[in-house]
Amino acid sequence: MTYLEKALKDGHAEIVGDGKQQKIFYKAVDHSERYTDPEEQVRAEFWAELVYRYQYEPIRIGIEIVVPDRTPSDRADLVVFRDDERKRPYAVVECKRDGITDSEFTQAVEQAYGNGTWAKFRADYVMVVAGSTRRVLDCTDNYGALERDKNIVADLPIKYGKPEEYKFRKNGNLDIQAVNKEALILAIRKCHQTLWGGGRLSPPTAFGELCKLIFVKISDEKSPRKKGEPYEFQIKTHEESRRLAERIRSLYDKQKEKDPEVFTENIKVDDSIIRTIVSHLESINLNKTDLDTKGVAFEQFMDGFLRVILDNILRRVKLLSLQWR
């Protein structure tokens, strides 16, 4: 049962109507929205997660809250307040459809951070949720207004507590999970866009770098660890991208030493790319996801490569044809 299904069952929300007229009604705050909107579905699921996993009272979760002193006017998707009257903001959350581009995600981070700072909501945290890809930032005055790296935290705190150092732990309150075919295809597609978007890398190079990072991810999942111990392939609270990338590269180098014939080259992508790939994959248990699902996901990935390779060949043929006229 998903968090939203539980919220509907417990009567915290209600979905009414049919087809394009379907709406979701958030009862505690007497607010309704069109549920057929993909972003509303992301918001509804995360709203329910705030209630059940993060343990915030529905009465304290505002929806479509007007941002103070914002011109032109803007609204925050979700605001977690410290009080039942919803006067003291604690966290500001922007929800986007799963699969948005990296540039769209970065734009959402900037929007959330701008809304959450002392000049607007004066919240402690801002968060962007785009399906399974998420980012949480400490936006208190402990950090400068332009900081977007040192102030990353692993996850939004539970019930106004302190942020955990790691989000995912073996057999802990939140463990990594196997996913279905659609979810894995989407995750691989997002990795594909990150590595290859805008022609950053050639198709073969991008595929090779993805294989290295997935190799690290699978190796980390298989590494022996006790109950409650954190996984390494995840974003750690207050760990700069440089430090995270060093940790991932170190894991890769250790595995490469064990089997030097499989991977002979180092990871070549930069630190920010590694962080983004980790954010796409950290919640997924690749070892427990069935082989058929993984096979279909990589077929989709390779199909995308082949299409671009063909487009590049056709473009070169066209240029050569123009030169020989």
Side-chain angles (χ1 to χ4, degrees), residues 1-3 46 49-50 52-56 91 125 127 129 131-138 149-180 183-184 187-188 190-191 210-259 262-263 266-267 269 271-291 293-294 297:
M1 181 182 291
T2 67
Y3 292 117
F46 187 70
E49 191 172 344
L50 284 171
Y52 290 101
R53 190 169 80 80
Y54 294 95
Q55 300 174 34
Y56 293 107
Y125 298 96
M127 184 173 187
V129 177
S132 60
T133 301
R134 301 175 174 186
R135 187 171 303 169
V136 185
L137 295 165
D138 181 335
D149 194 25
K150 296 177 182 178
N151 56 339
I152 289 178
V153 295
D155 196 13
L156 188 69
I158 304 293
K159 204 174 183 179
Y160 309 108
K162 292 183 179 180
E164 295 283 344
E165 184 179 23
Y166 291 97
K167 182 175 182 179
F168 300 102
R169 295 175 181 272
K170 184 178 179 64
N171 298 326
N173 292 331
L174 190 64
D175 201 346
I176 56 177
Q177 300 294 323
V179 295
N180 60 28
L184 185 58
I188 296 297
K190 287 188 288 187
C191 293
L210 178 62
C211 288
K212 293 173 191 174
L213 291 168
I214 286 180
F215 174 66
V216 175
K217 167 70 170 159
I218 291 175
S219 299
D220 180 50
E221 291 175 7
K222 289 183 174 181
S223 294
R225 51 175 49 88
K226 297 177 182 178
K227 180 180 179 180
E229 284 189 34
Y231 297 94
E232 291 293 320
F233 195 94
Q234 63 175 309
I235 294 170
K236 182 181 175 183
T237 290
H238 297 156
E239 182 179 50
E240 298 175 59
S241 296
R242 175 176 60 86
R243 293 291 188 187
L244 170 64
E246 286 175 357
R247 190 154 54 82
I248 297 301
R249 289 190 176 100
S250 177
L251 291 171
Y252 174 75
D253 290 341
K254 288 177 183 177
Q255 293 299 325
K256 191 174 67 169
E257 288 176 8
K258 293 178 182 178
D259 199 348
V262 177
F263 291 100
N266 294 327
I267 294 174
V269 294
D271 300 347
S272 64
I273 296 299
I274 290 176
R275 183 187 66 187
T276 303
I277 296 297
V278 171
S279 73
H280 294 328
L281 297 176
E282 63 180 352
S283 66
I284 298 172
N285 191 321
L286 291 174
N287 283 291
K288 290 187 177 179
T289 298
D290 68 75
L291 286 172
T293 295
K294 286 184 277 197

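Predicted, not measured: the structure shown is a model, and the values here were computed from it.
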Next on the checklist: For T289 versus A178, what's the shortest heavy-atom pair and its separation?
Outcome noted: OG1-CA, 3.5 Å

Item to check | Derivation of the side chain to side chain contact (heavy atoms under 4.5 Å, CB included) call for N266 and K256 | outcome: CA-CA 9 Å; N266 294 327; K256 191 174 67 169; 2.6 Å; yes

Checklist entry - Got a second to check how far L210's CG is from I277's CD1, nearest 0.5 Å? => result 6.5 Å

Next on the checklist: Side chains of D138 and Y125, heavy atoms from C-beta outward: is any pair under 4.5 Å?
Outcome noted: yes

Checklist entry - Would you say the side chain of R275 lies within less than 4.5 Å of the side chain of I235, judging by non-hydrogen atoms? => result yes

Checklist entry - So, are E49 and R134 salt-bridged, with charged N and O less than 4.0 Å apart? => result yes

Item to check | Intermediate values then yes/no, side chain to side chain contact (heavy atoms under 4.5 Å, CB included), R169 and L174 | outcome: CA-CA 6 Å; R169 295 175 181 272; L174 190 64; over 6 Å; no

Item to check | Side chain proximity check, Q255 to V216, heavy atoms < 4.5 angstrom | outcome: no

Checklist entry - Roughly how far, to the nearest 0.5 Å, is the CD atom of Q234 from the OH atom of Y166? => result 7.0 Å

Next on the checklist: Can a donor-acceptor pair be found, under 3.5 Å and without considering hydrogens, that links the side chain of D253 to the backbone of L251?
Outcome noted: no

Item to check | S250 (side chain) donor-acceptor with E246 (main chain) under 3.5 angstrom | outcome: no

Item to check | Shortest non-hydrogen contact between E232 and R225, atoms and distance | outcome: N-NH2, 3.8 Å

Next on the checklist: If you define the side chain from C-beta out and look only at heavy atoms, does anything of S132 sit under 4.5 Å from I284?
Outcome noted: no

Next on the checklist: Measuring from atom NZ of K150 to atom CZ of R242, what distance do you get when rounded to the nearest 0.5 angstrom?
Outcome noted: 9.0 Å

Checklist entry - Given side chains that start at C-beta, do those of K217 and Y231 come closer than 4.5 Å, heavy atoms only? => result no

Item to check | OG on S283 to CG on D175, rounded to 0.5 Å | outcome: 11.0 Å

Checklist entry - Is it the case that more than 12 heavy atoms not belonging to N173 sit under 6.0 Å from its CG atom? => result no

Item to check | Side-chain heavy atoms of L184 within contact of L286, under 4.5 Å | outcome: yes

Checklist entry - Should D220 and K254 count as an ion pair when the cut-off is N to O under 4.0 Å? => result no

Item to check | Euclidean distance, I176 CD1 relative to N285 CG, rounded to 0.5 Å | outcome: 4.0 Å

Checklist entry - Rounded to the nearest 0.5 Å, what separation is found between the OG1 atom of T276 and the CG atom of L281? => result 11.0 Å

Item to check | Side-chain donor or acceptor of T133 paired with backbone N/O of H280 under 3.5 Å | outcome: no

Checklist entry - Looking at side-chain heavy atoms only, is the closest gap between D271 and R249 below 4.5 Å? => result yes

Checklist entry - Can you check side chain to side chain contact (heavy atoms under 4.5 Å, CB included) on K236 and R247, steps first, answer last? => result CA-CA 11 Å; K236 182 181 175 183; R247 190 154 54 82; 3.8 Å; yes

Checklist entry - Is it true that D155 and R53 have a side-chain N and a carboxylate O under 4.0 angstrom from each other? => result yes

Checklist entry - Any idea how Y52 and Y3 line up, ring-wise: parallel (<30°), tilted (30 to 60°), or perpendicular (>60°)? => result parallel

Checklist outcome for this item: Heavy-atom closest pair (I158 atom, Y56 atom, distance to 0.1 Å) is C-OH, 3.9 Å

Checklist outcome for this item: Tightest non-hydrogen contact, residues Y54 and L156, listed as CE2-O, 3.2 Å

